[in-house]
Amino acid sequence: MTLEAVGIALLGAMKLAGKLVLIIVPLVTLFELLRHLPVFRRVGEGVDPLMRGIGLTREAALPLFTGIFLGIAYGAGILIRVAQERRLPSRELFLMGLFLATCHAVVEDTLIFVVIGGNGTVMLGVRLVMAVCLTALLARLWRAGRGTPGA
Amino acid sequence: MEETVPDLRARLRAGIAAGLRTSLQILKITLPLYVAVDLLKRTPVIDVLGGIFAPAMGLFGLPGAAAFAFIAAFLLNLYAAIAILVPLHLDAFQVTQCGLMMGIAHNLVVEGGVLRSTGARGGFLTLCRIGISAAAGLALHAVHRLAA
């Protein structure tokens, strides 16, 4: 193990970290700027038909879109607060959870893998299609008012 | 739900500060992991340990060593996983495959806790994520093989 090898490794690591920082700082800044726009706060109204298709109501729109764009860990504050304040029924919470489990933080996740050479359309497309299909399927199998799957 | 909306300058500052904080966290994870993997690659360690996982990773069209990135993605986050993936020099399909599978299942401990705090069934959803991730990976590998 030579000093040169360490140098090459450090250089590669710095390059990668630099690329990631260049994505993260503008992205987080943009989110912070957009977060307070009225469009984002009233996002529920326009997407009603889409939401119904996957078994969700307008009440779930804000936490759902927060999760899709910000991610579960970063959007945790909003997710937890809205879910508790609006008292979403457990069926909706599970459907929303299933959608987000498959498809969240889509901008950041996709970008960082595109930077290292992945195909963004494939990664984003497959996740989105799977999330919609799985949630819509479960919403049809599990009608409102019945028990919890996996309980 | 009502909170006071800070002015544009304050939001810009808050955003950049949050971005830099996140970046610092990312640096702390990626630098040591990348250097460790890049140096270990010069020894037989990665190949020998990766060999153990080769049959499982092969199902998804990935080399055995990619398993380390999956472990890092599941327990930590995608930045840790990427720090391990890059020194392994995967091809474009393999990076896409990792991005898809890890995009679905990552940071399971923290995110499982968040999902549980909303009142959803966090543990069960976490199992779903691993299952969905594997299903997506098998499907993409199958499509890739057909197309090749």
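Side-chain atoms are counted along with the backbone in the values below, which use heavy atoms only and exclude waters and symmetry mates. Order of the sequence lines fixes the chain letters, A, B, ..., with proteins taken first and strands second; residue numbering starts at 1 for each chain.
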(message) For A:Leu10, run the side chain to side chain contact (heavy atoms under 4.5 Å, CB included) check against B:Leu39, B:Val35, B:Asp38 and tell me which one passes.
(response)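 The passing option is B:Val35.
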By a 4.5 Å heavy-atom criterion (distance strictly below it), what part of [X] contacts chain B: side chain, backbone, both, or neither?
| X | result |
| --- | --- |
| A:Met14 | both |
| A:Leu100 | neither |
| A:Leu20 | side chain |

Quick check: do [X] and [Y] have side-chain heavy atoms less than 4.5 Å from each other?
| X | Y | answer |
| --- | --- | --- |
| A:Val21 | B:Ile26 | no |
| B:Tyr79 | A:Ile24 | yes |
| A:Met123 | B:Met102 | no |
| B:Leu85 | A:Phe113 | yes |

(message) Rounded to the nearest 0.5 Å, what separates atom CD1 in A:Ile116 from atom CD1 in B:Ile82?
(response)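 Interatomic distance, A:Ile116 CD1 to B:Ile82 CD1, rounded to 0.5 Å: 4.5 Å.
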(request) First locate atom OH of B:Tyr34, then atom CG of A:Leu16, and finally report the distance between them rounded to the nearest 0.5 Å. (result) 7.0 Å
(message) Heavy-atom pairs under 4.5 Å with chain B - which of A:Ala105, A:Gly117, A:Pro26, A:Gly18 has more of them than the others?
(response)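 Counting heavy-atom pairs under 4.5 Å, the top option is A:Gly117.
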(message) Which one wins on heavy-atom pair count under 4.5 Å against chain B: A:Thr110, A:Ile112, A:Val126?
(response) A:Ile112
Verify same cluster id: [X], [Y] (apolar side-chain graph, 4.5 Å):
| X | Y | result |
| --- | --- | --- |
| A:Leu128 | A:Leu137 | no |
| B:Val114 | B:Leu127 | no |
| A:Leu22 | B:Ile16 | no |
| A:Leu93 | A:Ile68 | yes |
| B:Val45 | B:Leu88 | yes |

(message) Is there a side-chain contact (heavy atoms from CB on, under 4.5 Å) between A:Leu98 and B:Ile132? Walk through the geometry before answering.
(response) CA-CA 10 Å; A:Leu98 182 67; B:Ile132 295 166; 4.1 Å; yes
Looking at chain A, which one of [options] has the largest number of heavy-atom pairs inside 4.5 Å, strictly under?
| options | value |
| --- | --- |
| B:Asn77, B:Leu24, B:Val86 | B:Val86 |
| B:Asp91, B:Leu12, B:Thr30, B:Leu27 | B:Leu12 |
| B:Leu115, B:Val37, B:Leu78 | B:Leu78 |
| B:Arg13, B:His106, B:Met101, B:Arg11 | B:Arg11 |

Closest approach of [X] and [Y], non-hydrogen atoms and distance?
| X | Y | answer |
| --- | --- | --- |
| B:Leu31 | A:Ala17 | CD2-CB, 4.3 Å |
| B:Ile104 | A:Thr102 | CG1-O, 3.6 Å |
| A:Val25 | B:Ser23 | CG2-OG, 3.4 Å |

(request) For the pair A:Arg127 (side chain) and B:Gly103 (backbone), establish whether a donor and an acceptor sit closer than 3.5 Å, ignoring hydrogens and angles. (result) yes
(request) Heavy-atom distances under 4.5 Å only: say whether B:Ile29 touches chain A with side chain, backbone, both or neither. (result)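 Looking at B:Ile29, nothing touches chain A.
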